[in-house]
Amino acid sequence: MVLSLYHHRLVGFPPFWHSNRMVLMRLIMRGKFEFLSPYWDQVSEAAKDLVTKLLSTNPDQRLTAQEAIAHPWMQPIPRPVRVLLAALV
């Protein structure tokens, strides 16, 4: 559920969708998703890595909550970069 929220916030739609509920359930159970262009073109590789690891259907490979929080994409932006970004907007 949390991962779906990340995916939705990053690109504006959920990771799995199909008009047929049975097909949708199969997609979810298989963990079958794509980083569709142009929606994901501007999303960082670190964010895509986090999404991929959170959507893993293999519990041994899926990130735990602590691992997700420790993921590089979840880390704060260093202050000098924040100041530079603030100046750009």
Side-chain angles (χ1 to χ4, degrees):
M1 178 65 171
V2 171
L3 183 277
S4 289
L5 294 174
Y6 279 122
H7 188 287
H8 197 276
R9 296 285 296 179
L10 286 168
V11 294
F13 55 88
F16 305 102
W17 189 89
H18 199 280
S19 58
N20 182 302
R21 289 184 86 158
M22 290 304 293
V23 174
L24 174 61
M25 292 307 292
R26 278 190 228 119
L27 290 172
I28 293 169
M29 290 187 315
R30 292 182 186 146
K32 191 165 186 160
F33 69 97
E34 297 178 49
F35 294 120
L36 299 173
S37 184
Y39 311 103
W40 284 91
D41 292 351
Q42 300 301 315
V43 176
S44 71
E45 290 303 314
K48 292 176 188 176
D49 181 64
L50 177 62
V51 167
T52 299
K53 289 176 177 173
L54 287 171
L55 280 176
S56 176
T57 57
N58 182 337
D60 295 329
Q61 294 176 350
R62 190 180 317 123
L63 294 182
T64 65
Q66 285 99 355
E67 291 168 334
I69 291 169
H71 189 277
W73 189 74
M74 297 291 285
Q75 301 312 302
I77 298 172
R79 181 166 167 58
V81 175
R82 277 198 315 256
V83 171
L84 176 62
L85 290 174
L88 295 174
V89 284

For R30, give me all partners under side chain to side chain contact (heavy atoms under 4.5 Å, CB included), at least two apart in sequence or on another chain. R26, K32

Which residues share a side chain to side chain contact (heavy atoms under 4.5 Å, CB included) with Q61, sequence neighbours left out: S56, N58

Under 4.5 Å between side-chain heavy atoms, hopping through other hydrophobics if needed: is there a path connecting V23 to L36? yes

Listed by chain and number, what are the side-chain hydrogen bond (donor to acceptor under 3.5 Å, both in side chains) partners of D41, not counting sequence neighbours? S37

Please enumerate all residues that pass side-chain hydrogen bond (donor to acceptor under 3.5 Å, both in side chains) together with S19, with sequence neighbours excluded. none

Hey, are the side chains of [X] and [Y] touching, using non-hydrogen atoms and a 4.5 Å cut-off?
X: L55; Y: P15; answer: yes
X: F33; Y: I28; answer: no
X: M74; Y: L50; answer: yes

Of all heavy-atom pairs linking L27 and W17, the shortest is CD1-O, 3.9 Å

Got a list of side-chain donor-acceptor pairs under 3.5 Å for residues 63-72, not counting sequence neighbours?
{"from": "T64", "atom 1": "OG1", "to": "E67", "atom 2": "N", "distance (Å)": "3.1"}
{"from": "T64", "atom 1": "OG1", "to": "E67", "atom 2": "OE1", "distance (Å)": "3.4"}
{"from": "E67", "atom 1": "OE1", "to": "T64", "atom 2": "N", "distance (Å)": "2.8"}
{"from": "H71", "atom 1": "ND1", "to": "W73", "atom 2": "N", "distance (Å)": "3.0"}
{"from": "H71", "atom 1": "NE2", "to": "D49", "atom 2": "OD2", "distance (Å)": "2.7"}

Tell me, yes or no, whether the heavy-atom count around Q75 atom CD, taken from other residues, nucleotides or ligands under 6.0 Å, exceeds 12. yes

Those residues that, when tested against K48, pass salt bridge (Lys or Arg N to Asp or Glu O under 4.0 Å) (two or more places apart): E45

